[in-house]
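Below is one structure, written out as structure tokens; the observations come after it.
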Protein chains: 2
Amino acid sequence: MYRLTNSFPYLLNRVGVQMGELFSRRIAGYGVTLPMYRVMAALWETGDQRLGDLAAMTTIEISTLSRLVGEMKRRGLVTRARLKDNGRTVAINLTPKGRTLVEELIPIAIHFEEVAVRDFPSKSISDLKSVLAEIYESLKSLEPEIEEANKVRKAAKTKA
Amino acid sequence: MYRLTNSFPYLLNRVGVQMGELFSRRIAGYGVTLPMYRVMAALWETGDQRLGDLAAMTTIEISTLSRLVGEMKRRGLVTRARLKDNGRTVAINLTPKGRTLVEELIPIAIHFEEVAVRDFPSKSISDLKSVLAEIYESLKSLEPEIEEANKVRKAAKTKA
DNA sequence: GAACAATAATTGCATTTGCAAATATCGGTC
DNA sequence: GACCGATATTTGCAAATGCAATTATTGTTC
């Protein structure tokens with residue numbers, strides 16, 4: 001018998017939402033939101049990104065990210081500039097202020113992760129991580145069947 | 001060296017967002033959103049819930065859920081009624097229509113999960129699930145230190 | 001090199017979200 | 001049994017979100 005509460009997406013989502021919520025509250029005093037932290041941490045790892053790449057890296061929808069980056073620029077956390085050799089794209093970077101701030105926050109993120117996983121041997125956590133990374137890749141194979149299912153449905157509807 | 005892309009919350013969030021996004025698109029043709037599916041699947045597993053319990057079970061913020069349930073009631077998917085013996089609380093249930101619909105959607109959810117995990121032995125998936133469940137519990141221990149950190153910060157600010 | 005398709009980012013607009021305040025009911029106390 | 005604090009849900013309001021359309025630039029074809 002199927003149970004939502006034993007399903008993989010449910011268990012995943014629950015931990016993700018809760019960790020996000022707790023971390024949000026923890027960093028609120030620094031004047032940044034969780035999505036802002038994610039953007040800064042992504043840029044700290046890989047700087048000089050285009051908007052689209054940053055969206056893919058952070059899993060933030062691109063129009064949301066465009067506005068978010070605008071707000072972060074206003075606050076002096078990042079820079080955003082059109083490229084000279086390709087005016088369609090834009091290069092986003094941390095400012096020194098943004099870098100300093102994210103380097104204050106990363107230890108908090110590390111601590112949160114530490115607490116979350118401390119009851120498990122590090123082997124099982126690294127396994128878990130690689131499973132999550134591979135599952136993410138597997139998801140790509142679902143794309144075609146989604147389109148297919150919707151096409152079928154649409155055709156049936158047109159006929160009806 | 002810390003890398004966001006190797007952190008547990010990052011890997012978790014990415015899979016969660018992506019699975020949600022794909023599943024949303026897959027079920028859009030049925031006229032329901034992902035949060036609606038979650039509510040229905042939760043009620044299918046455990047019916048006759050109060051709003052607060054349903055919020056805890058689905059990790060949906062309670063005011064959001066209140067409105068969502070209102071909309072689902074309008075659409076004839078659930079019922080919501082104040083209890084006779086305790087007028088503060090309300091009992092939420094699936095309607096026959098809601099039940100029929102969720103029973104169409106659950107097999108799709110099962111299939112998605114299947115595809116996501118098919119490259120791994122079922123043992124490592126059940127391990128993964130129990131780790132996720134335990135981590136969720138461990139997170140409770142972070143609560144007190146969040147308040148503490150914010151208190152400290154606030155005090156410092158007042159002094160300054 | 002003009003016209004057109006393709007790529008990248010932004011913006012308009014309607015919907016969703018979440019906090020805080022309001023509302024409603026209950027349980028206990030005097 | 002009137003009053004007060006606690007519990008449960010809903011609602012007001014401002015901010016965040018996402019889709020679709022728009023703008024801007026580049027690449028391609030004739």
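Below, chains carry the letters A, B, ... as their sequence lines are ordered, and counting in each starts from 1. As a basis for the values below, the full set of heavy atoms in this structure was taken, side chains included, without hydrogen atoms, waters or symmetry mates.
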| query | Does the side chain of R88(B) get closer than 4.0 angstrom to OP1 or OP2 of dT10(D) through an N or O atom? | reply |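 Negative; the distance criterion is not met.
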| Residue S66(B), side-chain atoms from C-beta onward, closest of dT10(D), dT26(D), dC26(C) |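 Of the options given, the side chain of S66(B) lies nearest dT10(D).
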| said: Heavy atoms from C-beta onward define the side chain here; which of dG18(D), dG18(C), dT10(C) lies closest to that of I62(A)? | reply: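 Nucleotide nearest to I62(A)'s side chain: dT10(C).
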| query | Thinking salt bridges, do E71(B) and R74(B) make one under a 4.0 Å N-O criterion? | reply |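 Answer for the salt bridge query: yes.
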| Does the pair E21(B)/R26(B) count as a salt bridge with the N-to-O cut at 4.0 Å? |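 Looking at E21(B) and R26(B), the cut-off is not met.
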| Does F120(A) belong to the same Ile/Leu/Val/Met/Phe/Trp/Tyr cluster as F120(B), with side-chain heavy atoms less than 4.5 Å apart forming each link? |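 Linked, F120(A) and F120(B) end up in one cluster.
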In whole Å, I'd like the distance from the [atom1] atom of [X] to the [atom2] atom of [N].
X      : N       : atom1 : atom2 : answer
E61(A) : dT15(C) : CD    : P     : 17 Å
L54(A) : dA8(C)  : CG    : P     : 15 Å
Q49(B) : dT9(D)  : CD    : P     : 11 Å
M36(A) : dT17(D) : CE    : C1'   : 14 Å
R50(B) : dT10(D) : CZ    : C1'   : 15 Å
R82(B) : dA24(C) : CZ    : P     : 10 Å
R67(A) : dA14(C) : CZ    : P     : 14 Å
R25(B) : dG18(D) : CZ    : C1'   : 14 Å

| request: Between L51(B) and L83(A), name the one whose nearest nucleotide on DNA chain D is closer to the 5' end. | output: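 It is L51(B) whose nearest nucleotide is closer to the 5' end.
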| query | In chain order, what residues pass the salt bridge (charged side-chain N to carboxylate O under 4.0 Å, His left out) check against R67(B), with sequence neighbours excluded? | reply |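 Here no residue qualifies.
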| task | For T89(A), report the nucleic acid contact type (base, sugar-phosphate, nothing); a contact means any heavy atom under 4.0 Å. | result |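 Counting heavy atoms under 4.0 Å across all strands, the contact made by T89(A) is with sugar-phosphate only.
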